[in-house]
Amino acid sequence: MNDIARMLAQRLSLGLLTLFAVSLIIFLGVSLLPGDAAQAMLGQSATPETVAALRKRMGLDEPAYIRYFTWLGGILRGDFGISIANEREISELIAGRFANTIFLALMAAVISVPIALTLGILAALYRNGFFDRTVNVVTLSSISTPEFFVAYILLLVFAVNLPWFPSLSSVNPDMPFFQRVYVCMLPAATLTLVVVAHMMRMTRAAIINLLASPYIEMAALKGIPRGKIITRHALPNAWAPIINVIVINLAYLIVGVVVVEVVFVYPGLGQQLVDSVQRRDLPVVQACCLIFAATYVLLNLTADILAILTNPRLLHPK
Amino acid sequence: MSTDKKPLLEMRGLRIEGFSDEEWHQIVKGVDVKLHRGEVLGLIGESGAGKSTIGIAAMGYAKPGCRINGGSVHFDGIDLTAASEEEKRKLRGSRIAYVAQSAAASFNPAHKLIEQFAETVVEHGVGTRDEAHADAKDLYAKIKMPDPEQIGFRYPHQVSGGQLQRAMTAMALSCRPDLLIFDEPTTALDVTTQIEVLVTMRDIVEQFNCAAIYITHDLAVVAQMADKIMVLRYGETVEEADTRKMLSAPEEEYTKSLWAVRSFRKQQAAPPPEPTPLVRVDNVTAAYGPVTVLHEVSFEVHRGHTVAVVGESGSGKSTTARVITGLLPPRKGDVYYDGTRYPRDYRKRNKEQLRQAQMIYQMADTAVNPRHKIREIIGRPLQFYLGMEGAEKERRLRELMEMIEMEPDKFLDRLPAELSGGQKQRICIARALAAEPAFIICDEVTSALDQLVAEGILKLLDRLQRELNLAYMFITHDLATVQAIADEVIVMLEGRIVEQGPKDQIFAPPYHKYTDLLLSSVPEMDPDWMDNVLQERKKKGGMEAAGN
Amino acid sequence: MIGVGKISGAGALSGAAWREFRKAPFTAQFGLAVIVFYILVAVFAPFLTPYAESEIVGSEFEVWGGDFPLGTDNLGRDMLTRLIYGARNTVGIAFVTTLLAFLLGGGGGIMAAVLGGWPDQVLSRVVDVLMSIPQLIFAMLLLTIFGTSIPVLILVIGVLDSTRVFRIARAVSVNVVVMDFIESARLRGEGVPWITLREVLPNIMPPLVAEFGLRFCFVFLTISSLSFLGLGLQPPTADWGSMVRDNATLITFGDITPLLPAAAIAILTIAVNFVVDWFLHKTSGLKDEH
């Protein structure tokens, strides 16, 4: 098992290193700006004295590396600093929103993963047939479509022309679960449509690649029925690529929510990010970016670790 | 073997086509095969002869992208071309079994060997899983696998290549089939491993009285295995006869030419060595990272001489070439050209030093840039080393093309893809010659080529050596090639030189122990060769045991 | 079809191209025709439009018909005019950005493969880190910092997207670099420029060309999304993403006008994807069957 332990340790430390580098990039990027948060908060008309005072209060007069570690230390304790726009605690501002975003992404994942895997495996098994060709054209089109286009079409059809769902997906913490699911239906459907196409194509490619292995042909030549070839010979080797596909697309979902949240005015982290960018509320932008990036890095890390854990060659070392 | 009995397998006018480049191409063009119980048929031919396609068609199976488009396949009275998928599936694995070329790729990495053995048994209702396990251990013991009780519980990647190939043969036997198809089962193995696997397969066929089709491109191998041989070319039968008759008295020109290849010998002896060797490898130790792959290797190559370096995979013969060219700077030791010590790293060598040693590769396909025309491929060294331009370069290009016996007007403006394998290898030779070197390293230059073409290349190299007084270092695993062209021989094993000296001395008794093993493992065309070797080895083993 | 006529008339070389086109599947023909149509519209925009790009010609949100075939937008500008100019701006900028990404990423990727060793390690790790931040998020961060102008937009998206080009260019180059003809060129004493440009590049053109199409789509969608979020092309430049955003309120009244620019985006990316799909099938290696 030493091989596995070593590879896992390697991958984990690489992940941590990446997170560290990402935080550094986000921090450095913002400190490149002319002026600083204090200036931005008080506006151009403020006197140099008041700016200096606020700067001191916010710790902006310290050298950059100290500020970085103070910032990072704060984040590790759950303290993201203070918003410029409304002087509230950022952690307070984004906690509920992050939960909303995760809810939406998970809901989309729960719908899309089974659909995508089924379609992908079917397309691979009956490749070059009518079904495969149709699915290919449809998914290609779906991938090529901007998310807001899909979102508005769904909105037009299912909220305006057929008033089945609300056009604004406003949720609040007290909402019962099914009510929440109902309100989130359109944004979740939008995400599903986009991500199913990606996931299905990747699944199809992975399965086709697998089915081309000599041991699959060998199984056929041993007289194993087609169903058992899939379940006994293809599937045990398919976990790694399939898990990889799922996790990569979960990461994609997390990012994809930004546009969808804006269309449906959903109170998620993406909406918050867009608002803050427009207000140039840098501490909040930093915090949102870091959370998105960290989620993304952690998901990819999970994919790699699962791939290592499901590789038969690594599970049974020499 | 009676011919009046109804044959077990009969293919009549078999035609198979394959789809590539948006078109159907005929791969097999009407072949008849008849096989009785207990008979072994050798299918032999060069690449593209369609032998594997025919073999697999005996199971009523066509590879993806291929289809049977004519003729009939009858197995024990069942018409496989008309049978349903389900009927064919029931035959596969139980009555007709297949042994693939690469066992490493053909075993599922996710399951233990013994489970893959049992799977067929259970699937076809021949026995229970436990019975299959017991039978597997029995068979593993019969074919002398090490630790037969336990080895089946390993995963494929935990077992060596030769053992894996034998485990696959055992697996094919799991339902005691009537017909076995061996598809180049030893091609990927080293010679010393090959003989063990061959013995296993032949014993199995005899013990269980199976019929078998043995597919290979190696004449000597087929001579050991088959009762009768069918020679194929371009998807058609050239001739078919009993093994002994086919070997001693082939009728067709093509067959005769195949048989004759191995008789080529160097035209004249090497000139006496000059006092300073052209290349001297002095006490070289080299490593890839922490793994030492060459241990204190020393030898010399003289002007006009051919030094053959032989050994099995992993013996360090190609690494030696990489050290000489400077691609792998050695940890210790040096390489001298004409008495001058060269920098260890090729990047530190100057143009003149680089020009001295040229290289020809095994795979001509990947050794020339597929996007460059022949003119550019050969022209670049002329321009780069010798500063030739315009008419002078053109004249030299034509000279070089004449030297490799290819028409300049026809070939200079072609791309490599428009040439055959042998022609590409000639282009590589011309590119090496363009640098006007004194020393050429030939790395398995003939092993990817069909035998006739390979002989042409050897003849060409021999002629060029005489005309230009070239020195060759000839890396090969094929002892027949060594016999054909070497002046001196170096035998390598696990990164060390075990024996070196003039060819006549190495290939005559008394042999070094490893050289003996190597030599005796190379199959010969004599159908009795394998029996003789086995007897010989048993005798020696007995003597050694007695000596101890 | 304008596209078909254009291709058939393109001169001596076009004979073979025309035959290929005729043999291509319907999706690819459709894709090629659409691409040519978009290019023509973008090039001849000023001759095709009745009004100037940002000219206010009527009242807000006028309906289709009359002087304004597709009505007017939220400021009373002609919708059709802005759609046509949008082809020029959005597509043009996406194209330039993709080119930049290919110069940076393609060059870097091949160099990393050819050089190997520590330069490869350093470049690859830097790219790993850059790619570990989701692109849209990273772009938003950078645009907040540097402000949103066209050069900044091109630079930011170009650099971020070059990481993906780097990956693929490096991956395909590594397969070429291990070939014996590269070793042969190294042993001849050829320098890095020769190996990169003369030995490797010609062998990786087909996958790179296909990748260019895919990257273009991705860049195009990213820029459109940013514009839609108000962070891409800034007013009064006509741009499809921001046109959707500016007129989105109409949708709640059941008016499909704001969907037209979104459809324009979708049709072009679908077309490019169809062509790339066909190209990948033609240039072997990426085929998924024998």
Side-chain angles (χ1 to χ4, degrees), chain A residues 14-15 17-19 21-22 25-26 29-30 32-33 124 127-128 136-137 140-150 152-153 155-156 159-161 167 204-205 208-209 212 251-252 254-256 258-259 262-263 270 273-274 276-278 280-282 285-286 288-289 292-293 295-297 300, chain C residues 25-27 125-126 128-138 140-148 214 217-218 220-222 224-226 228-231 240-241 244-245 248 251-256 258-259 261-274 276-277 288-290:
Chain A
L14 191 68
L17 206 69
T18 311
L19 278 178
V22 167
I25 289 175
I26 290 175
V30 173
L32 278 177
L33 277 178
R127 65 174 174 283
N128 299 326
N136 183 40
V137 170
L140 210 51
S141 311
S142 159
I143 286 170
S144 318
T145 310
E147 281 138 2
F148 52 84
F149 186 44
V150 179
Y152 278 125
I153 288 181
L155 195 147
L156 182 70
V160 179
N161 293 347
S167 61
R204 176 183 179 274
I208 285 180
N209 192 13
Y252 178 87
I254 298 285
V255 184
V258 176
V259 170
V262 170
V263 172
L273 175 59
V274 174
S276 305
V277 167
Q278 276 156 358
R280 295 177 70 77
D281 189 346
L282 284 169
V285 172
Q286 266 182 334
C288 294
C289 284
F292 274 123
T295 317
Y296 195 77
V297 170
N300 281 318
Chain C
F26 170 73
T27 47
R125 290 299 83 74
V126 168
D128 281 350
V129 170
L130 288 181
M131 280 182 77
S132 68
I133 307 178
Q135 192 168 0
L136 190 68
I137 307 290
F138 206 167
M140 285 167 79
L141 176 74
L142 293 177
L143 290 172
T144 320
I145 295 166
F146 299 113
T148 42
L214 296 181
C217 291
F218 193 84
F220 187 54
L221 288 177
T222 307
S224 303
S225 293
L226 282 171
F228 172 75
L229 296 172
L231 298 166
W240 291 339
V244 176
R245 165 197 169 86
I251 293 173
T252 39
F253 302 108
D255 186 338
I256 63 156
L259 292 181
I265 296 168
I267 291 171
L268 179 60
T269 36
I270 291 173
V272 174
N273 265 319
F274 279 164
V276 169
D277 205 43
D288 51 27
E289 67 270 318
H290 297 282

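Numbered from 1 within each chain, the chains take letters A, B, ... in sequence-line order.
- Of the atoms belonging to C/L259, heavy atoms from both backbone and side chain fall under 4.5 Å from chain A.
- When heavy atoms are compared at a cutoff of 4.5 Å, C/I251 approaches chain A by way of both its backbone and its side chain.
- Using a 4.5 Å cut-off between heavy atoms, A/N209 does not touch chain C at all.
- The minimum heavy-atom distance linking C/L229 with A/V258 is given by the pair CD1-CG1, 3.9 Å.
- The distance from the OG1 atom of A/T145 to the CD1 atom of C/I267 is 9.5 Å, given to the nearest 0.5 Å.
- Both the backbone and the side chain of A/V259 have a heavy atom closer than 4.5 Å to some heavy atom of chain C.
- Of the atoms belonging to A/Y152, heavy atoms from both backbone and side chain fall under 4.5 Å from chain C.
- Among A/T18, A/V274, A/V285, the residue with the largest count of heavy-atom pairs under 4.5 Å with chain C is A/V274.
- Contact of C/L142 with chain A is not made at all, since no heavy-atom distance falls under 4.5 Å.
- Contact record, C/P134 with A/A293: CD-CA, 3.7 Å, taken as the closest heavy-atom pair.
- Only the side chain of C/T27 comes within contact range of chain A, judged by heavy atoms closer than 4.5 Å.
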Given the rule in the side-chain contact (heavy atoms from CB on, under 4.5 Å) test, do A/F292 and C/L136 qualify, once you have shown the distances and angles that lead to the verdict?
-> CA-CA 10 Å; A/F292 274 123; C/L136 190 68; over 6 Å; no
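- With a 4.5 angstrom heavy-atom cutoff, C/A263 touches chain A via backbone and side-chain atoms both.
- Between A/S144 and C/L221, the shortest heavy-atom distance links the atoms O-CD2, 3.8 Å.
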Derivation of the side-chain contact (heavy atoms from CB on, under 4.5 Å) call for C/L143 and A/V277 | CA-CA 8 Å; C/L143 290 172; A/V277 167; over 6 Å; no
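- Neither the backbone nor the side chain of A/L17 has a heavy atom closer than 4.5 Å to any heavy atom of chain C.
- If you measure heavy-atom distances from C/F218 to chain A, you find no contacts under 4.5 Å at all.
- In this structure, C/L141 CG and A/I25 CD1 are separated by 9.5 Å, a value rounded to the nearest 0.5 Å.
- Summarising the geometry, atom CD belonging to C/Q135 is positioned 8.5 Å from atom OH belonging to A/Y296; distances are rounded to the nearest 0.5 Å.
- When all heavy atoms are compared, the tightest approach of A/F148 to C/A262 is CE1-CB, 4.0 Å.
- Atom OG in A/S141 sits 4.0 Å away from atom CD1 in C/I270 (nearest 0.5 Å).
- Taking CG from A/L273 and OG1 from C/T144, the interatomic distance works out to 7.0 Å, rounded to the nearest 0.5 Å.
- Heavy atoms closer than 4.5 Å to chain C are found nowhere in A/V150, neither backbone nor side chain.
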